[in-house]
Protein chains: 2
Amino acid sequence: MDARERLVVSAQELLHERGYVGTSPRAVQERAGAGQGSMYHHFTGKADLARTALRRTADTERAGAEALLSGPGTALERLTAYLLRPRDVLRGCPVGRHALDPDVVADPGLRAPLEETFDWLQRRLAEVVAEGQRAGELRAGVDPAAVAAALVATVQGGYVLARSAGHPEPFAQATGGALALLTALAR
Amino acid sequence: MDARERLVVSAQELLHERGYVGTSPRAVQERAGAGQGSMYHHFTGKADLARTALRRTADTERAGAEALLSGPGTALERLTAYLLRPRDVLRGCPVGRHALDPDVVADPGLRAPLEETFDWLQRRLAEVVAEGQRAGELRAGVDPAAVAAALVATVQGGYVLARSAGHPEPFAQATGGALALLTALAR
DNA sequence: GTCTATACGCGGATAGAC
DNA sequence: GTCTATCCGCGTATAGAC
């Protein structure tokens, strides 16, 4: 792994752990084993490096979700797989955790990966919900896009509750509750 | 309003806007129109001031929610009122926004207000759900605590989606979806 | 490409005068 | 109680040598 690559990976890790405001170029360089000069050679500065790192993180997340949602099983099974997917809950969502940072939201290049990820995710989940309705698995008459948004939000909010509590149970409860509501829509 | 009070209020505002890491004592002092000396006279430092401010914010939020949940109306109507309560969505939740900050979560005095707020909220919503089940408004056989967790998470996640998108619609979609699922449980 | 040197202001706090 | 002075290290970046 060359220096540029190590810088990106280190930035991804630190951004996940400490957020954008909490991540200093120095810390990234140290973790990457690269010097000042190296970093400022490959990137114009902190924001530039963060944009690259965030975009990569977002792409990875999207690929992971797509694997689940396009996998085998009925629509309901795939939605369940998305909700119950194993997650490192107490670390927070590597994408969603940045939504509350004003510096991220203010920089279009930094916000774009977030917007694209959730936009895509919501659309993709809505497709699966609609699929389930056509197949008669899920009751019709409920807006697929709204249900999809609720599912994504439950996951993102689950992270918030779990980190507030200091343990992962609230996440499991929230996704379990969403699942129960979804299942009720099936009968 | 005396200096101490202005410091607390200014800290509440800045913590809401910029988070804990993003809020400097200097900025708080400036907004409060107070000097260094004043702040360090009333508080031992940044963390102490933030603890006071966060606790107050949490208390206010709790009072607001309780007013809705103990108000008039059927259980389902009160749950709906909680979900559809007018919120300044793009500003984020003044309590939940801190859950992803490592410095907040690492300090028990800072995390406590978050934990207590969500713990209480989930319990309170679960009571209302159970009430609705006893009254025959909501189908029994679904865990009230899980449904409550899902509702709280939907709201918290809604903030994340809205801020990621740069506009409030995803929040409305998410709460609308949760409401649709909840309503499906009624029939 | 990477290193070292250097810069400047801010973050967070202490000290002592008034 | 509040003010001003002062502190030290970090955040973020530039400059120029190798």
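Proteins get letters first, then strands, A, B, ... in listed order; numbering begins at 1 in each. Note: hydrogens, waters and symmetry copies are ignored here, and every other heavy atom, side chains too, is used.
For DNA chain C, the residues of residues 38-55 of chain B within the heavy-atom distance limit of 4.0 Å (strictly under) are B/Tyr40, B/Gly45, B/Lys46, sorted by number. Taking every heavy atom of residues 19-30 of chain A and every atom of DNA chain D, pairs under 4.0 Å involve A/Thr23, A/Ser24, A/Pro25, A/Arg26, by number.
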Do any side-chain atoms of residues 63-81 of chain A form donor-acceptor pairs under 3.5 angstrom with protein atoms, and if so which ones, sequence neighbours left out?
residue	atom	partner	partner atom	Å
A/Glu66	OE1	A/Arg124	NE	2.9
A/Ser70	OG	A/Glu66	O	2.8
A/Thr74	OG1	A/Glu77	N	3.1
A/Thr74	OG1	A/Glu137	OE1	3.2
A/Glu77	OE1	A/Thr74	N	2.9
A/Arg78	NE	A/Gly73	O	3.1
A/Arg78	NE	A/Thr74	O	3.4
A/Arg78	NH1	A/Leu69	O	3.0
A/Arg78	NH2	A/Glu131	OE2	2.5
A/Thr80	OG1	A/Leu76	O	2.7

Under 3.5 Å donor-acceptor pairs involving side-chain atoms of residues 37-46 of chain A, not counting sequence neighbours:
residue	atom	partner	partner atom	Å
A/Lys46	NZ	A/Tyr20	O	2.9
A/Lys46	NZ	A/Thr23	O	2.8

Which donor-acceptor pairs under 3.5 Å do the side chains of residues 147-171 of chain A make with protein atoms, sequence neighbours left out?
residue	atom	partner	partner atom	Å
A/Thr154	OG1	A/Ala150	O	2.7
A/Thr154	OG1	B/Thr154	OG1	3.3
A/Arg163	NE	B/Ala99	O	2.8
A/Arg163	NH1	A/Leu90	O	2.8
A/Ser164	OG	A/Val160	O	2.9
A/His167	ND1	A/Glu169	OE1	2.8

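Counting only residues at least two apart or on different chains, the side chain to side chain donor-acceptor pair (under 3.5 Å) pairs with a member in residues 104-116 of chain B are B/Arg51-B/Asp107, B/Arg55-B/Glu116, B/Arg111-B/Glu115. Listed by first and then second residue, the ring pair (Phe, Tyr, Trp, His ring centres under 6.0 Å) pairs involving residues 108-132 of chain B amount to none (not counting sequence neighbours). Pairs engaging residues 94-105 of chain A under the side chain to side chain donor-acceptor pair (under 3.5 Å) rule: A/Asp103-B/Arg18 [sequence neighbours left out].
Checked against salt bridge (charged side-chain N to carboxylate O under 4.0 Å, His left out), B/Asp143 has no partners two or more places apart in sequence or in another chain. For A/Arg56, the salt bridge (charged side-chain N to carboxylate O under 4.0 Å, His left out) test picks out A/Glu5, with sequence neighbours left out. Listed by chain and number, the residues in a side-chain contact (heavy atoms from CB on, under 4.5 Å) with B/Ala172 amount to none (sequence neighbours excluded).
Under the 4.0 Å criterion applied to side-chain N and carboxylate O atoms, B/Arg91 and B/Glu13 are not assigned as salt-bridge partners.
Between the CG atom of A/Asp107 and the P atom of D/dT12 there is a distance of 14 Å, given to the nearest Å.
Taking every nucleotide of DNA chain C with any atom under 4.0 Å from a non-hydrogen atom of chain B, the first and last of them, 5' to 3', are C/dG11 to C/dT14.
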